[in-house]
Amino acid sequence: MAFIQWSKDLDIGINVIDTQHRRIVDYINELDVVNKGGDITDINRVLDELVDYTVTHFAFEEDLQESAGYPFIKAHRRVHEVFTKRVLDFQNRAKAGDNIAPELLSMLKVWLINHIKGDDVDYAEVVKKSLGNQETAEKSGWLGSKLKRFFG
Ligand SMILES: [Fe+2]
């Protein structure tokens, strides 16, 4: 049983974002697996991947919000910043040899689900409107090049 089970109510209705959120959940689930394995090198590796991917996702999300003219982007960015700082603290403790994975996992689960269902749902409408037809947006120029710019 996965640590976080994806459920429909975590979809915010923007394909590119939902895909990224699922990927973050995958990383968290992987962190749970390596935590059970107890190998500190594995834990640090997955933690680094999770942090890398999540920070890129945040930047992408903020960029979409900016393009769409989402009015609460500042507050949203701040929420991302505070969270990133918290996770970096965990990462530093982990690098110093602390076993932070269990504590981090429960924090991540609560935070991510609340963030998606609250803060992310809040911007969904405005961004969806600005994307227009999502399939066209993904295939045509700018969304594709945005994705490339952030995720390579
Ligand atoms: Fe967000």
Side-chain angles (χ1 to χ4, degrees), residues 1-36 42-92 94 100-101 103-152:
M1 181 76 177
F3 179 67
I4 299 178
Q5 197 73 36
W6 188 267
S7 60
K8 277 262 158 235
D9 61 343
L10 289 171
D11 282 323
I12 69 165
I14 299 168
N15 296 331
V16 272
I17 296 294
D18 290 331
T19 307
Q20 290 168 21
H21 284 159
R22 279 170 203 257
R23 184 87 179 270
I24 292 172
V25 165
D26 287 344
Y27 276 125
I28 297 173
N29 286 335
E30 206 183 326
L31 185 62
D32 176 60
V33 170
V34 290
N35 173 47
K36 284 173 181 150
D42 286 342
I43 293 172
N44 279 324
R45 176 182 48 82
V46 176
L47 185 51
D48 287 350
E49 288 169 357
L50 171 68
V51 169
D52 255 27
Y53 188 83
T54 305
V55 167
T56 307
H57 160 72
F58 284 167
F60 178 80
E61 213 181 55
E62 290 163 15
D63 194 83
L64 274 191
Q65 292 175 9
E66 201 168 357
S67 302
Y70 175 59
F72 304 112
I73 181 168
K74 257 196 175 165
H76 201 117
R77 188 174 276 146
R78 180 85 192 119
V79 169
H80 284 168
E81 268 168 22
V82 171
F83 172 75
T84 303
K85 216 169 265 170
R86 278 173 79 187
V87 175
L88 291 181
D89 278 348
F90 275 107
Q91 200 179 22
N92 286 335
I100 49 87
E103 191 191 336
L104 176 60
L105 278 163
S106 45
M107 188 280 266
L108 288 173
K109 190 179 200 168
V110 173
W111 189 89
L112 187 70
I113 289 170
N114 284 333
H115 184 67
I116 291 175
K117 288 185 175 173
D119 301 321
D120 288 347
V121 162
D122 191 75
Y123 77 70
E125 192 124 336
V126 177
V127 168
K128 224 187 288 178
K129 222 176 253 169
S130 104
L131 286 178
N133 182 311
Q134 292 187 46
E135 266 175 55
T136 317
E138 272 173 60
K139 280 180 197 136
S140 77
W142 76 273
L143 186 57
S145 55
K146 237 190 231 308
L147 277 166
K148 223 187 194 141
R149 180 151 56 87
F150 284 95
F151 293 96

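Just so you know, these numbers come straight off a predicted model, no measurement behind them.
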Below 4.5 Å, heavy atoms only, C-beta onward: do [X] and [Y] meet side chain to side chain?
X: Q91; Y: I100; answer: no
X: V126; Y: K129; answer: no
X: I14; Y: V16; answer: yes
X: L143; Y: L64; answer: yes
X: D122; Y: Y70; answer: yes
X: Y27; Y: R22; answer: no
X: Y123; Y: I17; answer: yes
X: Q65; Y: R77; answer: no

Flag, side chain of [X] to backbone of [Y], donor-acceptor distance under 3.5 Å:
X: T54; Y: V51; answer: no
X: N35; Y: L31; answer: no
X: D18; Y: G13; answer: yes
X: N29; Y: I4; answer: yes

Who are the ring-ring contact (aromatic ring centres under 6.0 Å, His included) partners of F60, not counting sequence neighbours? F150, F151

Of all residues at least two apart in sequence or in a different chain, which pass the ring-ring contact (aromatic ring centres under 6.0 Å, His included) check with H21? H57

Kindly write out the residues that satisfy salt bridge (charged side-chain N to carboxylate O under 4.0 Å, His left out) with K109, not counting sequence neighbours, or none if the list is empty. none

Minimum-distance pair of heavy atoms, taken over all atoms of N15 and T19: O-OG1, 2.7 Å

For the residue pair F3 and S106, what are the closest heavy atoms and their distance? CZ-N, 4.2 Å

Run the numbers on E30 and L50 for side chain to side chain contact (heavy atoms under 4.5 Å, CB included), then give the verdict. CA-CA 9 Å; E30 206 183 326; L50 171 68; over 6 Å; no

Should the pair R45-D48 be classified as a salt bridge under the 4.0 Å nitrogen-to-oxygen rule? no

Check this for me: does any side-chain nitrogen of one of R23 and D26 sit under 4.0 Å from a carboxylate oxygen of the other? no

Would Q20 and Y53 count as having a side-chain donor-acceptor pair, cut-off 3.5 Å? no

If we count only N and O atoms by modelled type, under 3.5 Å, do the side chains of E62 and H76 hold a donor and an acceptor together? no

Can you tell me how far CG of L105 sits from CD of E103, rounded to the nearest 0.5 angstrom? 10.5 Å

Atom NE2 in H115, atom NE2 in H80: separation rounded to 0.5 Å? 3.0 Å

Scan V87, V79, I116 and name whichever one has a side chain to side chain contact (heavy atoms under 4.5 Å, CB included) with W111. V79

When you look at D63 and R149, which way does the side chain to side chain contact (heavy atoms under 4.5 Å, CB included) test go after all the steps? CA-CA 11 Å; D63 194 83; R149 180 151 56 87; 3.8 Å; yes

Would you find more than 12 non-hydrogen atoms of other residues, nucleotides or ligands less than 6.0 Å from E81 atom CD? yes

For the pair L108 and I24, evaluate side chain to side chain contact (heavy atoms under 4.5 Å, CB included) and give the outcome as yes or no after the intermediate values. CA-CA 10 Å; L108 288 173; I24 292 172; over 6 Å; no

Candidate pair D89 and K85, rule salt bridge (Lys or Arg N to Asp or Glu O under 4.0 Å), full reasoning: CA-CA 6 Å; D89 278 348; K85 216 169 265 170; over 6 Å; no

